[in-house]
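To keep things clear, I will list the structure first and then write my remarks on it.
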Amino acid sequence: MTQRRPLIAGNWKMNCLRADGLALASGLAAKASEKGTLGCDILVCPPATLLSDVVGVTKDSAVGVGGQDCHAAVSGAHTGDIAAPMLADIGAGYVLVGHSERRADHGESSTDIRRKAIAAHDADLVAVVCVGETEQERDLGATLSVVNGQVAVSVPDGATAKNTVIAYEPVWAIGTGRTASVAEVAEVHTAIRAELVKRFADGNEFRILYGGSVKPSNAAELLALEDVDGALVGGASLKLEDFWKIIETCA
Ligand code: PEP
């Protein structure tokens, strides 16, 4: 069995003003430092307004920082966007690409997401490539073909287990309180793993996170699955105690 160090990632989405965000990040950094040896890597993805300050307050801790999106270009006339080298420049190490909220709200296609992942790699960032089916696609029995199709197009050929993490997030489970069953998660993660192994020499070493209403009460059973190598956590990552309990599941 390949040992993959779990990654517990918090996606703050469009939440937190400065005081709350810095309290959350510094509280997390303090807990991580107090604990010393951790059973997982920790990542937080704050809104862009807080990235630089969160990098500052987590600097000497085990807490990594990532952006929630990046543009595919390195610079240029793209009002409101952030380039991957800008994230790297302020000390971020990761970036989420292809979150379903961006696919839905901003019409991002898997091709767009592949370009963003390439931009992330070129800037030496780890790309967390998000995939997942809608409820309608699941009801139609299309889950595996949709997810495998998203992985095939969104993950660039230059991906490695070091520069890329996959996050499987069924759209119907995000922010809804509904979690996919252990069997549903296992089926999709096994299918993603098979695709990665077919395509990449180190496909067995990629981390595949599960996301979708992960909370302290369901984290242990999800994280115990063979091909679940961590979690992408939205709502529960905004509560220090809850996020910490999920992290401690990996201890
Ligand atoms: C997410 O934002 O990626 C997510 C999984 O959100 P939640 O945990 O709130 O469902």
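Indexing begins at 1, ligand by ligand and atom by atom, following the structure's order. Counting from 1, the numbers follow the sequence of the chain as shown.
Taking 4.0 Å as the cut-off, H99 counts as a neighbour of ligand 1 on heavy-atom distance. Heavy atoms of A173 come nearer than 4.0 angstrom to ligand 1 in at least one pair.
With hydrogens and angles disregarded, a donor-acceptor distance shorter than 3.5 Å links the side chain of R114 to the backbone of V153. A donor-acceptor pair under 3.5 Å is formed between the side chain of R199 and the backbone N or O of V155. The backbone N or O of S61 sits nowhere less than 3.5 Å from a side-chain atom of T58 that would complete a donor-acceptor pair. Listed for the Q68 side chain is a donor-acceptor partner under 3.5 Å among the backbone atoms of K13.
Distances from atom 10 (O) of ligand 1 to the heavy atoms of G175, G234, C130 show the closest one on G175.
Other residues, nucleotides and ligands contribute over 12 non-hydrogen atoms within 6.0 Å of the NZ atom of K215.
Atoms of ligand 1 lying under 4.0 Å from at least one heavy atom of G212, given by number and element, are 5 (C), 10 (O). Shown in contact with S213 at under 4.0 Å from a heavy atom are these atoms of ligand 1, numbered in order with element: 7 (P), 8 (O), 10 (O).
For a threshold of 3.5 Å applied to N or O pairs, the pair formed by G235 and ligand 1 contains at least one separation below that value. Residue E169 places at least one N or O, backbone or side chain, under 3.5 Å from an N or O of ligand 1.
Under 4.0 Å from ligand 1, heavy atoms of I174 appear from its side chain as well as its backbone.
Follow the hydrophobic side-chain contacts under 4.5 Å out from F243 and you reach V214 in the same cluster.
At the top of the distance list for atom 2 (O) of ligand 1, counting protein heavy atoms only, stands K13 CE, 2.5 Å.
Ring geometry for Y168 against H189 counts as perpendicular: the plane angle is over 60°, on a 0 to 90° scale with 30° as the lower cut.
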